[in-house]
Participant: 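Sharing a structure below in structure tokens format, with a few things to ask.
Just so you know, these numbers use all the heavy atoms, side chains as well, and skip hydrogens, waters and symmetry mates. Chain identifiers are assigned alphabetically (A, B, ...) following the order of the sequence lines, protein sequences preceding nucleic acid strands; residue numbering begins at 1 within each chain.
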Number of protein chains: 2
Amino acid sequence: MSTYRSGAGDPARTLQLLWRRLDDGPRRGPRPGRSLDDIVSAAIELADAEGLDAVTMRRVAQAVGVAPMTLYGYLPGKAELLDLMVDALYARLPRPDRAGQPWRTRVAAVARDNRDLFAAHPWAAEVATGRPPLGPGLMAKYEYELRAFDDTGLDDVTRDAALTFLLDFVRAAARSAAEARATRRETAQSEEQWWAANGPLLATVLDEEAYPTAVRVGAAAGAAHNAAVDPDHAYEFGLDRVLDGLAALIDPVAARRSTAADPG
Amino acid sequence: MSTYRSGAGDPARTLQLLWRRLDDGPRRGPRPGRSLDDIVSAAIELADAEGLDAVTMRRVAQAVGVAPMTLYGYLPGKAELLDLMVDALYARLPRPDRAGQPWRTRVAAVARDNRDLFAAHPWAAEVATGRPPLGPGLMAKYEYELRAFDDTGLDDVTRDAALTFLLDFVRAAARSAAEARATRRETAQSEEQWWAANGPLLATVLDEEAYPTAVRVGAAAGAAHNAAVDPDHAYEFGLDRVLDGLAALIDPVAARRSTAADPG
DNA sequence: CCGTACATTGTACAACGTACGCCGTACGGT
DNA sequence: ACCGTACGGCGTACGTTGTACAATGTACGG
């Protein structure tokens, strides 16, 4: 359990690392035995396999085949490692040419790409980026995703806001999904087991007079999803709302479809 | 630097604690010197004053005037304490009667109440609740907030999804704001200082040929907000999109206003 | 009035990030 | 060719976290 904060160290040094602007002046003494990418790749593999909690400096060092403190010759600290991991992930995202497709299809595809990213690397959604890691990966991602709003008539400021809105939604959904999975794993209880264990107590305590709407709606939603929270359904529903909300801005006349976005 | 996870312990025990169903059989031996509420209140005060990082079992115990391990006589562990803190917060939320107002006003008011909650207690947005703490506070909140969708014509399952969508949005916005504040505090750098320190390097690295759209849009957005990220603006913009997105579902005919919701 | 149930707590442990300082290597200058 | 030194590597250690365990002391039921 750790709040995976990023970017705490010297920001200028972080930028140099992200863009690999290591000032290699006159070399003296032994050459570095590993590369920055070795470390970042090992950390990503570790996070993919065992989650962000497993990404400790000791574990990463072990994976790289080096003593823990050796890592500090390559990076200032763990915060920078997290930044580098996230930027490396962003750099790998697919960027197919979607010119010619309608904006809603393109924007939905951006959402899906991000969702896939978080599905493959759930830890990425947990890294807090108060100031985002302005590395080559994020820049390429930003450049590409902004193009999804080409021909929407949005001015630049609004275009940025629209993209932020979309990405924040996908990220929040990914966090919810990750939290739900983590809870299920930690308590080693499925949703059914939980209700079997707690239903009786809840029944005595949730009288319908005190919470009539909550009991009725909660029961209906629970029955529909077979769970108290259903991240997948929340994502599908939310994405449609997000796209409709953007459509109200982009196509103010015909903003009336609540169907799911077409595939791309 | 901690992933504030909640609800890890025995779920049944957690429920008993939330609803204060402590089985007080025949008393023997010394009476407890404090109450559960003493501990929860002290923890909330601590979190309000110094953030969630400051809420350690030792600090809470100190605030209550007791040895650290004494807390474990009242709660199974820290996860349950976090659950209790969140539920206590929810119980305190205002719940004015908003019958008669249009749905968009009521829903906007729900968003504002939640935003105010996270403004007063930023740590609440950081507590991960894979399975939400089904205590009296959350139930009262759920009951009240569902009523904001009365007369919208939404069925129960959709009503739950709509509320979840709205609350997830507000929470994500609060997290972004908290992260931005934390970053600014930790690096002790304002946005202007950051750009002064990193602008030169960024300029050499962000050539407009590689990222034409990104550079242009980023510059426009940065100039408009005086910052790379502007949580307040993201919230205002996002809330309008959220309401428009819900409107497309609720008022499919006249879904065309992108003005901010009226006050309530 | 005493035995016991229970609240309280001191100590301890395994993790974490990382500061500090020593070791040995291999290059630049001569 | 050689040596001084800059620099990569790392062993050890510190302060922090949540909490397990066993000892201590208190106040009630019989």
Side-chain angles (χ1 to χ4, degrees), chain A residues 1-10 13 22-36 38-39 43 46-47 50-85 127-128 186, chain B residues 1-10 13 22-36 38-39 43 46-47 50-85 127-128 186:
Chain A
M1 20 191 100
S2 290
T3 292
Y4 321 107
R5 213 166 291 145
S6 94
D10 175 19
R13 180 106 171 78
L22 333 138
D23 33 276
D24 32 27
R27 314 232 90 277
R28 192 82 90 86
R31 300 295 175 87
R34 325 279 156 170
S35 74
L36 199 51
D38 289 340
I39 296 171
L46 200 50
E50 300 184 44
L52 209 47
D53 281 340
V55 180
T56 70
M57 297 305 268
R58 290 169 226 259
R59 290 290 307 271
V60 172
Q62 187 184 30
V64 176
V66 107
M69 285 309 294
T70 302
L71 298 182
Y72 289 86
Y74 295 84
L75 322 137
K78 190 180 182 181
E80 285 75 14
L81 176 57
L82 293 175
D83 275 342
L84 288 164
M85 291 168 66
V127 179
E186 276 164 35
Chain B
M1 31 224 88
S2 289
T3 291
Y4 320 107
R5 215 167 290 145
S6 94
D10 175 21
R13 180 106 170 76
L22 331 140
D23 33 276
D24 33 25
R27 314 232 92 275
R28 191 82 90 89
R31 300 295 176 86
R34 325 279 156 169
S35 75
L36 198 52
D38 289 339
I39 297 171
L46 201 50
E50 301 184 42
L52 209 47
D53 281 339
V55 180
T56 70
M57 297 304 268
R58 290 170 228 261
R59 290 290 306 274
V60 173
Q62 186 184 31
V64 175
V66 108
M69 285 309 294
T70 302
L71 300 181
Y72 290 85
Y74 295 84
L75 322 138
K78 190 181 182 180
E80 286 75 13
L81 176 57
L82 293 175
D83 275 342
L84 288 164
M85 291 167 66
V127 178
E186 277 165 33

Participant: Treat primed atoms plus P, OP1 and OP2 as sugar-phosphate and everything else as base, then score nucleotides 17-27 of chain C 5' to 3': B for base contact with protein heavy atoms under 4.0 Å, S for sugar-phosphate contact only, - for none.
Facilitator: BBBB---BBSB
Participant: Using atom CD of B:Gln62 as one end and atom C1' of C:dT9 as the other, report the distance to the nearest whole Å.
Facilitator: 15 Å
Participant: Considering only heavy atoms from C-beta outward, does the side chain of A:Met57 approach that of A:Val60 to under 4.5 Å?
Facilitator: no
Participant: Rounded to whole Å, please give me the gap between CG in A:Asp53 and C1' in D:dT17.
Facilitator: 13 Å
Participant: Between D:dT17 atom P and B:Leu82 atom CG, what is the distance in whole Å?
Facilitator: 15 Å
Participant: Please report the closest heavy-atom contact between B:Arg58 and B:Pro68, naming both atoms and the distance.
Facilitator: CG-CG, 4.0 Å
Participant: Among the candidates C:dA7, D:dG9, C:dT9, find the nucleotide nearest to the side-chain atoms of B:Val66.
Facilitator: C:dT9
Participant: Does B:Ile39 offer a backbone N or O that forms a donor-acceptor pair with the side chain of B:Arg34 under 3.5 Å?
Facilitator: no
Participant: Could you tell me which non-hydrogen atom of A:Ala47 sits nearest to which non-hydrogen atom of A:Met85, and how far apart they are?
Facilitator: CB-CE, 3.9 Å
Participant: Whole-Å distance between C:dT8 P and B:Leu75 CG?
Facilitator: 12 Å
Participant: Is the shortest heavy-atom distance from the side chain of B:Leu82 to the side chain of B:Leu52 under 4.5 Å?
Facilitator: yes
Participant: How close or far is atom P of C:dC16 from atom CG of A:Leu52, stated in whole angstroms?
Facilitator: 13 Å
Participant: Using modelled atom types only, decide if a donor and an acceptor are shared between the side chain of A:Tyr74 and the backbone of A:Asp38 within a distance under 3.5 Å.
Facilitator: no
Participant: In whole Å, what is the span from the CG atom of B:Leu71 to the C1' atom of C:dT9?
Facilitator: 11 Å
Participant: From CZ of A:Arg34 over to C1' of D:dC10, roughly how many Å is that when rounded to an integer?
Facilitator: 13 Å
